[in-house]
There are 2 protein chains.
Amino acid sequence: MAKSTRDALLDAAEQLLDAGDTDAVTLREVGRLAGLSHNAPYKHFASKEVLLAAVAARELRRRRDELAAALERDEQPEEALRGALARYAEWAIAFPARFKLIYGRWTIAVPSELADAAHAASQQLIATVAAVQERGGLPAGDPERLTALLRATAHGAADLTLAGHLSPDGKGRADATGLVNDLLSHLAANQPGRQQP
Amino acid sequence: MAKSTRDALLDAAEQLLDAGDTDAVTLREVGRLAGLSHNAPYKHFASKEVLLAAVAARELRRRRDELAAALERDEQPEEALRGALARYAEWAIAFPARFKLIYGRWTIAVPSELADAAHAASQQLIATVAAVQERGGLPAGDPERLTALLRATAHGAADLTLAGHLSPDGKGRADATGLVNDLLSHLAANQPGRQQP
DNA sequence: ACCTGAACACCGTTCAAGT
DNA sequence: ACCTGAACACCGTTCAAGT
């Protein structure tokens with residue numbers, strides 16, 4: 001059960017990341033928090049960026065597993081989809097540094113660990129969207145493309161919220177979750193046999 | 001007509017920013033590119049972040065003016081809106097470092113220069129959305145909120161493209177502009193008197 | 001008013017040893 | 001196999017002068 005040194009270093013890096021941004025993650029402080037010397041990280045990671053990529057990959061794996069559990073939990077795909085998108089935005093707003101790290105630019109080759117976890121999460125969401133389409137809750141069409149639209153909206157709403165360009169206090173709670181719900185309502189209303197009130 | 005030293009420093013910073021990210025903007029190189037010493041920037045900007053904020057504010061002013069000109073140029077508000085959103089995404093993808101700088105986190109108080117230019121651009125877009133709503137090209141409702149939805153989608157689609165999470169080569173050109181057009185089509189179809197083909 | 005040059009603390013990274 | 005400590009180049013920032 002003893003935590004490996006590698007995990008201790010990842011924990012330290014994550015803690016510093018959450019307290020600031022990638023600049024706040026100094027290898028010296030990572031080593032210190034793990035009770036080691038200033039360059040112990042180099043015995044486990046080739047560079048600072050490789051360490052950050054491991055932090056990002058671990059977080060992405062957590063989120064993929066959490067998404068899978070939530071999708072299994074919800075019986076109605078409509079609610080499962082709405083919940084997944086809302087949790088995505090809430091996570092981004094709660095952990096902005098992790099969000100910006102994962103979707104930031106890498107000067108090293110993007111580790112396949114990262115790409116694979118992202119792809120797996122994507123596939124889960126696409127399957128849910130397809131299920132809602134079959135039940136008539138979303139317009140027909142390529143589910144991958146419709147999923148991309150939904151993700152883009154949740155992603156952009158979260159990022160604009162972090163930048164202070166969305167007024168959560170303003171009229172009609174136009175926060176990130178509200179915008180995602182607006183989109184889902186517009187799409188649901190746009191169905192044969194359904195009409196806007 | 002001689003360019004001020006201040007402008008030369010801003011140009012140098014922008015050039016370094018476009019070639020990399022904010023880390024690539026070193027005050028020493030900014031000074032060198034402007035033909036000055038390594039700490040000449042401190043005679044014009046209190047810190048590196050204040051310099052970057054000035055770069056961001058200048059870019060945001062340019063974009064606000066460009067948006068105003070484009071909105072004046074187009075006669076149909078539908079096309080003006082579609083063009084404005086497409087140009088937003090294209091700009092983000094062409095100048096990722098400027099995009100990430102403007103919507104990134106500031107540890108200094110966000111300069112009012114920045115907030116004002118962003119607000120002005122926002123108001124222009126809201127007016128266009130309202131015009132399209134009046135012509136029946138978009139669902140009724142708070143135009144500010146509907147504009148936020150459109151912006152969030154364009155913003156998120158661009159950011160996901162930069163992260164490599166959108167496949168522009170895949171089926172049905174699901175690139176950033178394609179997703180924005182999808183959203184506009186879904187919203188336009190969701191109107192009384194209009195039906196999906 | 002604007003600029004230079006030396007100096008300081010900090011950081012990523014490398015290297016030679018240590019066990 | 002994993003870790004330490006010294007060392008190097010680089011960076012943001014400060015300060016004492018210079019014109």
Side-chain angles (χ1 to χ4, degrees), chain A residues 1-58 97-98 100-101 104-111, chain B residues 1-58 97-98 100-101 104-111:
Chain A
M1 283 304 298
K3 192 169 294 188
S4 72
T5 300
R6 186 190 146 94
D7 282 335
L9 292 169
L10 287 177
D11 289 344
E14 187 177 81
Q15 179 181 331
L16 291 168
L17 182 69
D18 285 339
D21 57 1
T22 56
D23 284 344
V25 182
T26 70
L27 293 180
R28 292 167 135 86
E29 187 68 6
V30 166
R32 207 188 61 78
L33 282 176
L36 298 168
S37 78
H38 70 275
N39 73 20
Y42 282 98
K43 306 305 155 184
H44 299 265
F45 305 96
S47 69
K48 174 175 175 177
E49 201 174 8
V50 169
L51 167 63
L52 288 174
V55 170
R58 189 174 70 161
R98 300 184 195 181
K100 297 219 175 252
L101 172 67
R105 317 223 76 186
W106 302 92
T107 74
I108 58 177
V110 170
Chain B
M1 281 308 296
K3 192 171 294 187
S4 72
T5 300
R6 186 191 146 93
D7 282 335
L9 292 168
L10 287 178
D11 289 345
E14 186 176 80
Q15 179 182 332
L16 291 168
L17 182 69
D18 285 339
D21 58 1
T22 57
D23 284 344
V25 181
T26 69
L27 293 180
R28 291 168 135 86
E29 188 67 7
V30 166
R32 207 189 61 77
L33 282 176
L36 298 168
S37 77
H38 69 277
N39 74 18
Y42 282 99
K43 307 303 155 185
H44 298 265
F45 305 96
S47 69
K48 174 174 174 175
E49 201 174 8
V50 169
L51 167 63
L52 288 174
V55 170
R58 188 175 71 161
R98 301 184 196 181
K100 297 218 176 255
L101 172 67
R105 317 221 79 186
W106 301 93
T107 74
I108 57 176
V110 170

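- Legend: residues meeting side-chain hydrogen bond (donor to acceptor under 3.5 Å, both in side chains) with B/N39, ordered by chain and number and at least two apart, are absent.
- Not one side-chain nitrogen or oxygen of B/T5 sits closer than 4.0 Å to the OP1 or OP2 atom of C/dA1.
- Nucleic acid contact for A/V25: sugar-phosphate only, since backbone atoms but no base atoms lie under 4.0 Å from a heavy atom of the residue.
- Residues satisfying the side chain to side chain contact (heavy atoms under 4.5 Å, CB included) test with A/F45, not counting sequence neighbours, are A/R6, A/L9, A/L10, A/V50, A/L51, A/A54.
- Scanning for side-chain hydrogen bond (donor to acceptor under 3.5 Å, both in side chains) contacts around B/K100 gives B/D159, with sequence neighbours left out.
- The nearest whole Å value for the distance from the CG atom in B/L51 to the P atom in D/dG12 is 10 Å.
- Within the structure, salt bridge (charged side-chain N to carboxylate O under 4.0 Å, His left out) pairs that include any residue of residues 36-49 of chain A do not occur (at least two apart or interchain).
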Watson-Crick and G-U pairing of DNA chain C written in dot-bracket, each distance under 3.5 angstrom, with | for inter-strand partners
||.|||||...|||||.||
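- Counting heavy atoms from C-beta on, the side chains of B/D21 and A/R105 never come closer than 4.5 Å.
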Per-nt protein contacts along nucleotides 13-19 of chain C (heavy atom under 4.0 Å; B base, S backbone sugar-phosphate only, - none) come out as BBB----
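- With sequence neighbours excluded, the residues satisfying side chain to side chain contact (heavy atoms under 4.5 Å, CB included) with B/A53 are B/W106, B/I108, B/P111.
- The separation of D/dA17 from C/dC2, taken at their P atoms, amounts to 22 Å, rounded to a whole angstrom.
- For the segment residues 11-21 of chain A, no residue has any heavy atom less than 4.0 angstrom from an atom of DNA chain C.
- Residues that satisfy the salt bridge (Lys or Arg N to Asp or Glu O under 4.0 Å) test with B/R32, not counting sequence neighbours, are B/E29.
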With a 3.5 Å cut-off and sequence neighbours excluded, list the donor-acceptor pairs that the side chains of residues 13-20 of chain B form with protein atoms.
| from | atom 1 | to | atom 2 | distance (Å) |
| --- | --- | --- | --- | --- |
| B/E14 | OE2 | B/R62 | NH1 | 3.0 |
| B/E14 | OE2 | B/R62 | NH2 | 3.4 |
| B/D18 | OD1 | B/R98 | NE | 3.0 |
| B/D18 | OD2 | B/R98 | NE | 3.2 |
| B/D18 | OD2 | B/R98 | NH2 | 2.6 |

